[in-house]
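Chain letters run A, B, ... following the sequence lines, proteins first, then strands; residues in each count from 1.
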Number of protein chains: 6
Amino acid sequence: MALSARNRLAGTVKSLDTEGLMAEVVVETDEGTEVTSIITGNSADRLGLEEGAAVNAVVKATDVMIENE
Amino acid sequence: MALSARNRLAGTVKSLDTEGLMAEVVVETDEGTEVTSIITGNSADRLGLEEGAAVNAVVKATDVMIENE
Amino acid sequence: MALSARNRLAGTVKSLDTEGLMAEVVVETDEGTEVTSIITGNSADRLGLEEGAAVNAVVKATDVMIENE
Amino acid sequence: MALSARNRLAGTVKSLDTEGLMAEVVVETDEGTEVTSIITGNSADRLGLEEGAAVNAVVKATDVMIENE
Amino acid sequence: MALSARNRLAGTVKSLDTEGLMAEVVVETDEGTEVTSIITGNSADRLGLEEGAAVNAVVKATDVMIENE
Amino acid sequence: MALSARNRLAGTVKSLDTEGLMAEVVVETDEGTEVTSIITGNSADRLGLEEGAAVNAVVKATDVMIENE
């Protein structure tokens with residue numbers, strides 16, 4: 001399976017915080033940076049997410065902005 | 001100025017391809033990964049983007065998905 | 001691999017129109033409805049998309065709005 | 001009124017779950033597929049959503065990704 | 001018809017630039033500010049957009065970021 | 001610092017409602033219109049948001065839809 005989303009950052013789940021309908025997932029990428037995601041709690045359950053799990057943070061290119069120094 | 005978007009990946013412009021209204025910017029992050037962004041050509045001009053320029057790739061947490069292995 | 005995006009509509013590529021950096025993909029779902037996607041031309045090439053190919057249209061739940069009659 | 005968003009899937013509210021600020025709406029489309037939406041609880045109230053109500057799931061084309069088999 | 005998207009800014013089309021698959025629409029709001037939208041050229045045609053036309057710029061609340069001074 | 005997002009509406013925080021992981025921020029723009037944003041509670045804390053604070057509502061152009069009368 002290949003997905004059109006251009007960005008896939010490999011890492012592990014550093015923290016998972018589920019409250020109400022939503023879940024905040026902080027991914028520590030293999031390079032040591034952090035990426036924060038908001039998904040639904042149902043998705044977090046479906047994916048069986050837990051701290052330390054190997055995951056990818058996935059982002060569609062049209063959702064990435066550029067900021068210059 | 002601080003922005004609510006949770007994700008800011010520092011790097012440099014690896015490539016900038018502007019065609020029609022849109023621009024595809026590939027950022028090589030300081031950690032060596034690549035992040036691809038689609039912005040408008042007008043924004044690329046306004047930011048004065050060029051290869052090698054120091055930039056951040058910025059993403060709102062609600063736009064980040066999680067994929068498990 | 002499982003993705004947190006909650007919506008996956010199976011179908012085939014009805015039309016693929018690539019111009020400049022972008023590609024417009026119309027998916028005819030297995031149920032006969034149409035879903036239109038804008039992705040980058042590079043993604044369309046990477047996925048080897050062509051008319052008739054079996055694909056899924058994938059949407060994150062936070063990107064779905066509700067309209068009532 | 002016409003909206004630029006290209007995707008409108010007609011159906012009925014299969015389930016509505018409101019917790020905190022957010023609401024998770026599952027739409028059963030007329031073709032029998034399910035589409036899940038995350039909107040604000042305020043929007044769910046404003047639209048008077050309830051199970052069985054006739055609604056459309058609406059998605060902008062730039063928010064639709066493509067996944068190939 | 002009511003849409004769950006929380007933000008609707010009334011105004012008129014100040015400029016419409018269609019190139020390739022995409023269209024850049026600048027809306028001058030009734031209050032005199034400018035809002036820029038990127039939609040597909042097909043949507044611009046379908047809506048019959050032209051300079052001076054009365055329109056709303058519509059944004060889902062999850063797509064709005066906050067920046068402090 | 002300049003951000004590629006094309007839309008920046010200046011105003012003040014009219015209301016801030018934080019529940020669970022999310023925060024709903026209503027901005028009254030300098031022109032008197034309202035813009036509603038959903039961000040994470042962590043971002044609202046990080047930005048030190050409070051009623052009356054001077055802020056900008058920021059939106060990427062690809063996230064703006066057009067609706068005609």
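Contact count against chain A (heavy-atom pairs under 4.5 Å) is highest for B/Thr36 among B/Val59, B/Asp30, B/Leu49, B/Thr36. Taking chain A as the reference chain and counting heavy-atom pairs below 4.5 Å, the highest number among B/Ala5, B/Ser43, B/Ala54 is found for B/Ala54. Of the listed residues (B/Asp63, B/Ile39, B/Leu9, B/Val27), the greatest number of heavy-atom pairs within a distance under 4.5 Å of chain A belongs to B/Asp63. Contact count versus chain A (heavy atoms, under 4.5 Å) is highest, among B/Val55, B/Leu47, B/Val25, for B/Leu47. When the candidates B/Ala44, B/Gly48, B/Ala10, B/Ser37 are compared by the number of heavy-atom contacts under 4.5 Å with chain A, B/Ser37 comes out ahead. When A/Ile66, A/Val35, A/Thr62 are compared by the number of non-hydrogen pairs under 4.5 Å with chain B, A/Ile66 comes out ahead.
When side chains are defined from C-beta on, B/Thr33 does not count as touching A/Thr29, because their heavy atoms never get closer than 4.5 Å.
Minimum heavy-atom separation, A/Arg8 to B/Glu67: NE-OE1, 2.8 Å. In plain terms, the two heavy atoms of B/Lys60 and A/Met65 that are nearest each other are N-CE, 4.5 Å. Summarising the geometry of B/Asn7 relative to A/Glu34, their closest heavy-atom pair is OD1-O, 4.1 Å, with the distance given to 0.1 Å.
With a threshold of 4.5 angstrom between heavy atoms, B/Ala53 does not approach chain A through any atom at all.
The distance from the CD atom of B/Glu50 to the CG atom of A/Asn68 is 10.5 Å, given to the nearest 0.5 Å.
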